[in-house]
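Input: a single structure, listed below in structure tokens.
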Number of protein chains: 2
Amino acid sequence: MKLITRNTDYAVRALCYLARQDQKSVPVSEMVMALKIPRPFLRKLLQTLSTEGILDSFKGQAGGFALAKNPSKIWLTDLIRIFQGTVELNECIFRKKICPNRSTCKLKHEIDAIEKDVLKRLSVVSIASLLS
Amino acid sequence: MKLITRNTDYAVRALCYLARQDQKSVPVSEMVMALKIPRPFLRKLLQTLSTEGILDSFKGQAGGFALAKNPSKIWLTDLIRIFQGTVELNECIFRKKICPNRSTCKLKHEIDAIEKDVLKRLSVVSIASLLS
DNA sequence: ATAAATGATACTAAAGTAGTATCATTAAAC
DNA sequence: GTTTAATGATACTACTTTAGTATCATTTAT
Ligand code: FES
Ligand code: FES
């Protein structure tokens, strides 16, 4: 099981790359060179980050992408939410229906507690903190 | 993202059910009734638990399954390993290859640390502790 | 012999993840 | 004003994992 999918992982790299630049905007082609991420995939991903307000985008020649916020304000949990949905280690769906034992189930309690910890640890990680 | 898949979840329920019985062996049909898990799915799952040494099985009429160990010796991590493979929240595979940045990557460090915590918490949960 | 069980194994379906392709729109550069 | 290099929008394909089904062989109590 993975906590971070490819999308999120690539997004982190791209955002770190942008955070280290002080150019007004960086085109996808430059990032493809630097990060060796498949172009169409990176493009789609950056578009998503743009519509989500993480990036600003500039169309036309000499256009590209730039961070829309300070790297210390871009949280890993934002990216996870965008690309993977909410963090729910525990679903307990029972044949498409919410499980009737949810309130008493000890397994659920255990996993819920673990989930809380994981979220707590994830929620302090920002792009700034990943810059090294 | 899920920490526990359906297989593992069902296995926990089945094992808890068996732990509460003191019959020599319980046939699948009885468990299907009690747990409302699809029969062929439960069957396969119990067979797996049997070959993995978690359950004893008895063939022929009046046969069935029974715990092969004390419930306090059956660990949630065993079940996760059996049905989901090793817990690895962090893969960082870069286009089918192991990522070259593994040693320096801060994201990996963070996720590794979280994974360690999760494993620590999972590793103390046994069927006995889930019996309620 | 029969019936009720598991063993072994192959198959199908659904969902999530990863990646590609294409055409339209924009705006700087010439 | 035309060209060119960029993003916007959107649809599509492929792969992997998870979930679930089906079938026939074997065993054993009755
Ligand atoms: S059995 Fe459904 S929440 Fe655990
Ligand atoms: S970039 Fe590969 S381990 Fe993080």
Side-chain angles (χ1 to χ4, degrees), chain A residues 1-11 14 18 23-33 35-52 55-66 68 79-80 82-86 88 91-97, chain B residues 1-11 14 18 23-33 35-52 55-66 68 79-80 82-86 88 91-97:
Chain A
M1 107 232 15
K2 277 173 297 184
L3 203 55
I4 303 286
T5 62
R6 202 69 64 90
N7 260 328
T8 307
D9 189 10
Y10 286 173
L18 287 174
Q23 303 169 44
K24 275 203 194 78
S25 88
V26 178
V28 168
S29 47
E30 181 182 329
M31 286 192 250
V32 168
M33 294 295 215
L35 304 170
K36 301 191 179 81
I37 295 170
R39 184 196 205 90
F41 198 28
L42 180 59
R43 230 161 86 70
K44 192 170 70 171
L45 178 166
L46 293 173
Q47 277 187 23
T48 303
L49 289 175
S50 168
T51 63
E52 293 286 339
L55 293 178
D56 286 331
S57 74
F58 305 94
K59 290 177 86 174
Q61 198 165 9
F65 295 93
L79 305 178
I80 292 179
I82 291 170
F83 294 112
Q84 308 174 218
T86 57
E88 285 198 58
E91 272 190 38
C92 203
I93 301 291
F94 193 63
R95 281 165 92 49
K96 308 258 176 191
K97 296 192 186 82
Chain B
M1 104 230 20
K2 279 172 296 185
L3 203 53
I4 303 287
T5 63
R6 203 69 64 91
N7 261 328
T8 307
D9 190 9
Y10 287 173
L18 288 175
Q23 304 169 43
K24 276 204 193 73
S25 89
V26 178
V28 169
S29 47
E30 181 183 328
M31 285 192 250
V32 167
M33 296 293 215
L35 304 171
K36 302 194 179 79
I37 294 170
R39 186 200 204 85
F41 199 27
L42 181 57
R43 230 162 85 69
K44 192 170 70 169
L45 179 164
L46 293 173
Q47 278 187 22
T48 303
L49 289 175
S50 168
T51 63
E52 292 286 339
L55 292 177
D56 285 332
S57 74
F58 305 94
K59 289 176 89 173
Q61 200 165 7
F65 295 94
L79 305 176
I80 292 179
I82 290 170
F83 294 112
Q84 309 174 215
T86 57
E88 287 198 56
E91 275 189 37
C92 204
I93 300 291
F94 193 63
R95 280 164 95 47
K96 309 258 178 191
K97 296 193 184 79

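Remember, it's a predicted structure, so these values are computed and weren't measured experimentally. Any value given below was found using the heavy atoms of this structure, including those in side chains, with hydrogens, waters and symmetry copies removed.
- Take the nearest nucleotide of DNA chain C for A/Asn7 and for A/Gly60: the residue whose nucleotide is more 5' is A/Asn7.
- Between the CG atom of B/Leu42 and the C1' atom of C/dA5 there is a distance of 14 Å, rounded to whole Å.
- Between B/Thr5 and B/Ala62, it is B/Thr5 whose nearest contact on DNA chain D lies nearer the 5' terminus.
- Remark: C1' of C/dC11 and CZ of B/Phe41 are 15 Å apart, rounded to the nearest angstrom.
- In this model, a side-chain donor or acceptor of A/Lys44 finds a partner on the base of C/dG19 within 3.5 Å.
- Of the side-chain N and O atoms in A/Thr51, none sit less than 4.0 angstrom from OP1 or OP2 of D/dG8.
- In terms of heavy atoms, A/Ala14 sits closest to A/Leu46 at CB-CD2, 4.1 Å.
- Using a 4.5 Å heavy-atom cutoff, the side chains of B/Ile37 and B/Met31 are not in contact.
- Closest approach to the A/Ser57 side chain among D/dT7, C/dG7, C/dT20 is made by D/dT7 (side chain taken as heavy atoms from C-beta onward).
- Note: CG (A/Leu45) to P (D/dT7) measures 13 Å, nearest angstrom.
- In this structure, the side chains of A/Leu49 and A/Leu79 come closer than 4.5 Å at one or more pairs of heavy atoms.
- Between A/Arg6 and C/dG19, a side-chain N or O to OP1/OP2 separation shorter than 4.0 Å is present.
- In this structure, A/Leu18 CG and A/Asp56 CG are separated by 11.0 Å, a value rounded to the nearest 0.5 Å.
- Two residues, B/Ser29 and A/Ile4, neighbour DNA chain C, and the one matched to the more 5' nucleotide by heavy-atom proximity is B/Ser29.
- C/dA4 atom C1' lies 16 Å from atom CG of B/Leu46, rounded to whole Å.
- If you take CD of B/Glu30 and C1' of C/dT6, they are 16 Å apart, rounded to a whole angstrom.
- We find that CD of B/Gln47 is positioned 13 Å from P of C/dA10, with the value rounded to whole Å.
- In this structure, B/Gln84 and B/Asn7 have side chains that are not in contact, with every pair of non-hydrogen atoms separated by 4.5 Å or more.
- Taking atom CG of residue B/Leu3 and atom P of nucleotide D/dT18, one finds them 12 Å apart after rounding to whole Å.
- Rounding to whole angstrom units, NZ of residue B/Lys59 and C1' of D/dT26 are separated by 4 Å.
- At the phosphate of D/dG20, OP1 or OP2 sits under 4.0 Å from a side-chain N or O atom of B/Tyr10.
- Nucleic acid contact for A/Arg43: base, since at least one base atom lies under 4.0 Å from a heavy atom of the residue.
- Residue A/Pro27 is the one, among A/Pro27 and B/Lys2, whose nearest nucleotide of DNA chain D lies closer to the 5' end (criterion: closest heavy atom).
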